[in-house]
Amino acid sequence: MKAQNLNQIAICAQQQLLTNPNPQLLNPLLSRLTNSKNAFFHLYNQMLSHPFSHNHYTFTHALKACSSHHAHSKALEIHARLIKSGHYVDIFIQNSLLYSYLARNDVVAASNLFRSIPSPDVVSWTSLISGLAKSGFEAQALQHFSEMNSEPRIVEPNAATLVGALCACSSLKTLRLGKSVHAYGVRMIANVNVVFDNAVLDLYAKSGSLKYAKNLFDKMSVRDVITWTTLLMGYARGGYCEEAFGVFNRMVQSAEAEPNEATVVTVLSACASIGALSLGQWVHSYIDSRQDLVVDGNIGNALLNMYVKCGDMQVGLRVFDMIEHKDIISWGTVISGLAMNGYGKRTLELFCRMLVEGVEPDDVTFIGVLSACSHAGLVSEGVMFFKAMKDFYGIVPQMRHYGCVVDMYGRAGLFDEAEAFLRSMPVEAEWPIWGALLRACKIHGNEKMSEWIKGHLRGKRVGVGTLALLSNMYASSQRWDDANKIRKTIRGTGVKKVAGCSWLELELYNNRSDSNYRAQ
DNA sequence: ATAGGGTTAG
C-alpha cells in the first residue's frame with residue numbers, strides 16, 4: 001500500500017518532469033519521497049540536472065533527507081554545492097545545514113557554521129540550543145540560550161527554544177534555571193502547548209521533584225502518550241516502582257493515551273527492578289492484547305529482562321525464543337540470567353547456540369559464561385573460555401572476568417591454580433576477589449592459603465566484608481587476639497553496615513552472620 | 001521549506 005503510494009508519487013514526478021519541470025510543483029513531490037532514500041535521490045538528481053527545475057526549497061528537503069538517512073557525505077557534497085552556487089546566503093539553507101551537522105552530533109562544525117550565519121533567526125538559535133543539549137553539551141546549550149536572551153535582544157525565543165533549554169536543564173538537573181524557563185514560558189506561550197508542558201514535566205521528573213511533576217500532570221489540560229510515559233519514568237527512576245506501575249495501570253484504564261513501546265519498556269524495567277513478577281505478567285498480557293506491539297526488539301528484551309530479574313527462567317526462555325531478531329543484548333540477558341539463576345549447564349548450552357548462530361560474544365557475555373562455569377564447577381571449560389575470550393575474541397579481561405576465574409578455582413579447591421592465576425594477573429586483584437578466595441579457603445580448610453592472602457591484605461585498605469570474614473576466621477581458629485584486632489579496625493572504619501557494596505561483599509557479610517549464628 | 005517532548009536492557 002505504502003510502496004504503491006511512493007510509486008505513484010514517483011510516476012507523478014516523472015510526468016511533471018516531462019511536461020512542466022517546475023520546482024513549485026516538484027518540491028512537494030520530492031518532500032513526500034523523504035522516507036525512501038533511493039526514490040528521493042533519484043528525483044533530486046533529475047531535478048538538479050535541469051537548472052530551472054530546482055530552487056532553494058529543493059536543498060532544504062535534500063538536507064533533511066540526508067539527516068534521516070545518515071547520508072553524511074551527501075550532506076557535505078550539498079554544502080559545497082550551495083556555497084559554489086550562491087544559495088548559501090539564504091537563511092533557510094543556513095538553518096538546514098546547521099541542523100544537518102547537529103543531527104550527526106558534529107558540534108564543532110555546527111558551532112563554526114552558526115558563527116558564520118550573519119543574522120541567525122529563532123530557528124538557527126533553537127537548532128543550535130537543542131542540538132547541543134541532545135549531544136551532551138548541555139552547558140554550552142544553556143550558554144547560547146543566555147547569550148540569546150542578553151541585551152540587546154535581537155531574536156526572541158519561542159516555545160521551541162524554551163523546550164531546547166528545558167532539555168538541557170533536565171539532563172543537568174538544574175532545577176532553578178529550569179523553573180525560571182518554565183515561568184517564562186507560562187507568561188509567553190499563549191495557547192496550550194503539550195510539547196512544552198512535557199519538557200517541563202520531564203525536568204521535574206528527572207530532577208526527582210515528583211510532587212511538582214504530579215502536580216503539573218494533574219493540571220495539564222492536554223496529555224498525550226509522552227506525558228504519561230514521562231511521569232511513569234519519573235517514578236521508576238526515583239525508585240517508586242509500584243507507583244510507576246500504578247501510572248501505567250491508570251493510563252490503560254483511562255484510555256486517555258495509548259501506551260507505546262517506550263511506555264511498555266519503561267514499566268517493564270520498573271517491574272524488573274523490584275522483582276514484581278505478577279505486575280510484569282500483567283504488562284505481558286497487555287502487550288499480547290495489542291496487535292501492534294510485538295515481542296521483539298526493545299520490547300522483547302525488556303520483557304525477557306523482567307522474567308530473568310523475577311527469576312522465572314522458564315517463561316524467560318520462552319520469551320527469548322519468541323524474539324525474532326535476537327541481538328547481543330537478548331543473548332547477554334538470557335545467558336547471564338541463566339547463570340544468575342543457577343543454571344550452569346544451560347548457560348553453556350545457550351552460549352554454544354549463540355556461537356552456532358554466528359553472534360559474536362562480547363565482554364558481558366563472558367561474565368555470564370565464566371560465572372556459570374564457576375558455579376557449576378566446570379573448571380576446564382572455564383579456563384578454555386577465558387583463554388578463547390582473550391586470544392580468539394581479543395577481549396581484554398576486566399576485574400569481573402578475573403574475579404570469576406579466581407572464584408572458580410577457589411570453589412573447586414584448586415588453590416595452587418588460584419594463586420598462580422592471581423600472580424599472573426597484569427593488575428592487582430580488588431578486594432572482593434580476595435574475599436571470595438578467603439571464603440573458599442575457609443570452606444576447604446586451607447590454612448596455608450589463608451595466611452598468604454592475609455599477608456597480601458596486611459596494611460591495605462580492606463572492604464568491611466573482607467575484614468569481617470577475616471575476623472571470623474581468626475575467631476573460628478580460637479585466635480581471639482587477632483580477631484579482636486580486626487573487629488576494632490572494623491569499628492574504626494565507622495561503617496555500621498555494608499552500604500553500596502557489591503553483591504559479592506554482601507554475600508560475604510551474610511556469610512559472617514551465618515557462621516556467628518552457627519557458633520552460638 | 002528550516003527548529004521543539006518521553007524509553008530499556010545483559
Side-chain angles (χ1 to χ4, degrees), chain A residues 23-24 27-28 30-31 34 55-64 67 90-100 102-103 120-131 133-134 157-167 170 185 189 193-203 205-206 223-234 236-237 257 259-273 297-306 308-309 320 326-340 354 361-369:
Chain A
Q24 268 101 320
N27 281 329
L30 181 68
S31 158
T34 302
N55 60 11
H56 286 76
Y57 293 48
T58 314
F59 297 107
T60 59
H61 292 134
L63 287 166
K64 193 176 192 173
S67 299
D90 182 68
I91 186 70
F92 283 87
I93 295 287
Q94 291 160 353
N95 288 343
S96 298
L97 272 171
L98 177 63
Y99 179 78
S100 82
L102 288 164
D121 65 4
V122 65
V123 176
S124 325
W125 283 102
T126 303
S127 290
L128 182 69
I129 290 164
S130 50
K134 270 186 236 157
N158 63 19
T161 324
L162 300 187
V163 168
L166 283 167
C167 175
S170 166
I189 301 168
N193 188 326
V194 69
V195 177
F196 175 79
D197 286 348
N198 285 343
V200 177
L201 184 65
D202 181 61
L203 168 79
K206 287 231 177 83
R223 291 184 286 245
D224 63 9
V225 58
I226 298 187
T227 317
W228 284 90
T229 307
T230 304
L231 184 70
L232 199 165
M233 178 269 309
R237 278 203 185 192
N260 63 13
E261 177 180 317
T263 322
V264 163
V265 163
T266 311
V267 73
L268 281 172
S269 96
C271 298
S273 67
N298 289 337
I299 293 182
N301 287 347
L303 195 59
L304 171 61
N305 178 55
M306 185 278 293
V308 163
K309 291 285 158 62
F320 177 74
K326 299 175 175 65
D327 61 11
I328 189 76
I329 306 285
S330 326
W331 286 102
T333 307
V334 75
I335 284 176
S336 54
L338 285 167
M340 269 187 333
M354 175 180 181
D362 66 2
D363 53 341
V364 186
T365 317
F366 277 106
I367 290 170
V369 169

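So that the names make sense, note that chain A is the first sequence line, chain B the second, and so on, each numbered from 1. Note that the structure is a prediction, hence the values are computed from the model and not measured.
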- prompt: Centre of A/F320's six-membered ring, under 6.0 Å away, within 45 degrees of the axis: is that where NZ or CZ of A/K326 sits?
  reply: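 Yes; both conditions hold, so A/K326 lies above the ring face of A/F320.
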Of the listed nucleotides (B/dG4, B/dT2, B/dG10), which one gets closest to any side-chain atom of A/A159?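 Closest of the options to the side chain of A/A159: B/dG4.
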Quick one: which of B/dT7, B/dA1, B/dG4 gets closest to the side chain of A/V163?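 Taking heavy atoms from C-beta onward, the closest nucleotide is B/dG4.
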With rounding to the nearest 0.5 Å, note down the distance linking CG in A/L162 to CD1 in A/I189.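 Here the rounded value is 5.5 Å.
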NA contact type, [X], heavy-atom cut-off 4.0 Å: base, sugar-phosphate, or nothing?
X	result
A/N298	base
A/Y99	sugar-phosphate
A/L268	nothing
A/T365	base

Exercise for review: Round to the nearest Å and state the distance from A/I299 atom CD1 to B/dA9 atom P.
Suggested key: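 It works out to 15 Å between those atoms.
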TODO: Could you verify whether a donor N or O on one side chain and an acceptor N or O on the other, from A/T229 and A/T263, lie under 3.5 Å apart?
DONE: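 A/T263 and A/T229 do have a side-chain donor-acceptor pair below 3.5 Å.
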Indicate whether OP1 or OP2 belonging to B/dT7 is found under 4.0 Å from a side-chain N or O atom of A/K206.
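So the side-chain polar atoms of A/K206 do come within 4.0 Å of the phosphate oxygens OP1 or OP2 of B/dT7, strictly under.
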Which residues within residues 226-233 of chain A lie with some heavy atom under 4.0 Å of an atom in DNA chain B?
->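 Residues of residues 226-233 of chain A under 4.0 Å from DNA chain B: A/I226, A/T229, A/T230, A/M233.
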| Which of residues 120-129 of chain A sit near DNA chain B, with a heavy atom under 4.0 Å from it? |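 DNA chain B contact set from residues 120-129 of chain A: A/V123, A/T126, A/S127.
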